[in-house]
Structures are given as structure tokens and as C-alpha cells.
Amino acid sequence: MSATQLGAMRRVGRPPLGETARQLIAIRLDAKVLARFRKEARRRGVGYQTLINEVLAEHVRKDVA
């Protein structure tokens, strides 16, 4: 496949949010913690991974040097 063909192809997956793409990781969470995040995310009308990212980002802003 040529560089031109690759450039013309449609990107598959979610579009990047913000200035840079988010990094895909694997993380293990307690089932109860995940259930609470999913419930709260539904209540707010956002994705649970987005909510987890927001909570972690706020923690980093406040409590991490």
C-alpha cells in the first residue's frame, strides 16, 4: 500500500479529545468502584471512562506535585 493510499484511508476508532490523543491502558478496578463510576456517569450523561479521567485529572491538579 502506498503512502498516498494510507493517507486517503478513513481513521478507525474514536477521534482524539483535546490537544492530544488519549493513551490506551489496562487497569484493574474493584467491581464496586467500577459500578459506582458507571452509575454516576449515566446520571451525568457522560461515559464512565471520561468520568474516571475527570476525577483523576482533578486529583492530580489538587494533590499531586
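Here the side chains of Leu29 and Phe37 are not in contact, with every heavy-atom distance at 4.5 Å or above.
Residues meeting the side-chain contact (heavy atoms from CB on, under 4.5 Å) test with Arg38, sequence neighbours left out: Leu34, Arg42, Tyr48. In terms of the side-chain contact (heavy atoms from CB on, under 4.5 Å) criterion, residue partners of Arg61 (sequence neighbours excluded) are, by chain and number, Ala57, Glu58. Partners of Leu56 by side-chain contact (heavy atoms from CB on, under 4.5 Å), not counting sequence neighbours, listed by chain and number: Ile52. For Thr4, the side-chain contact (heavy atoms from CB on, under 4.5 Å) partners at least two apart in sequence or on another chain are Ser2. Legend: residues meeting salt bridge (charged side-chain N to carboxylate O under 4.0 Å, His left out) with Arg36, ordered by chain and number and at least two apart, are absent. For Glu54, there are no salt bridge (charged side-chain N to carboxylate O under 4.0 Å, His left out) partners, not counting sequence neighbours.
Val33 is connected to Val46 through a chain of hydrophobic side-chain contacts under 4.5 Å among Ile, Leu, Val, Met, Phe, Trp and Tyr, so both are in one cluster.
A distance of 6.0 Å separates CG in Leu51 from CD in Glu40, rounded to the nearest 0.5 Å.
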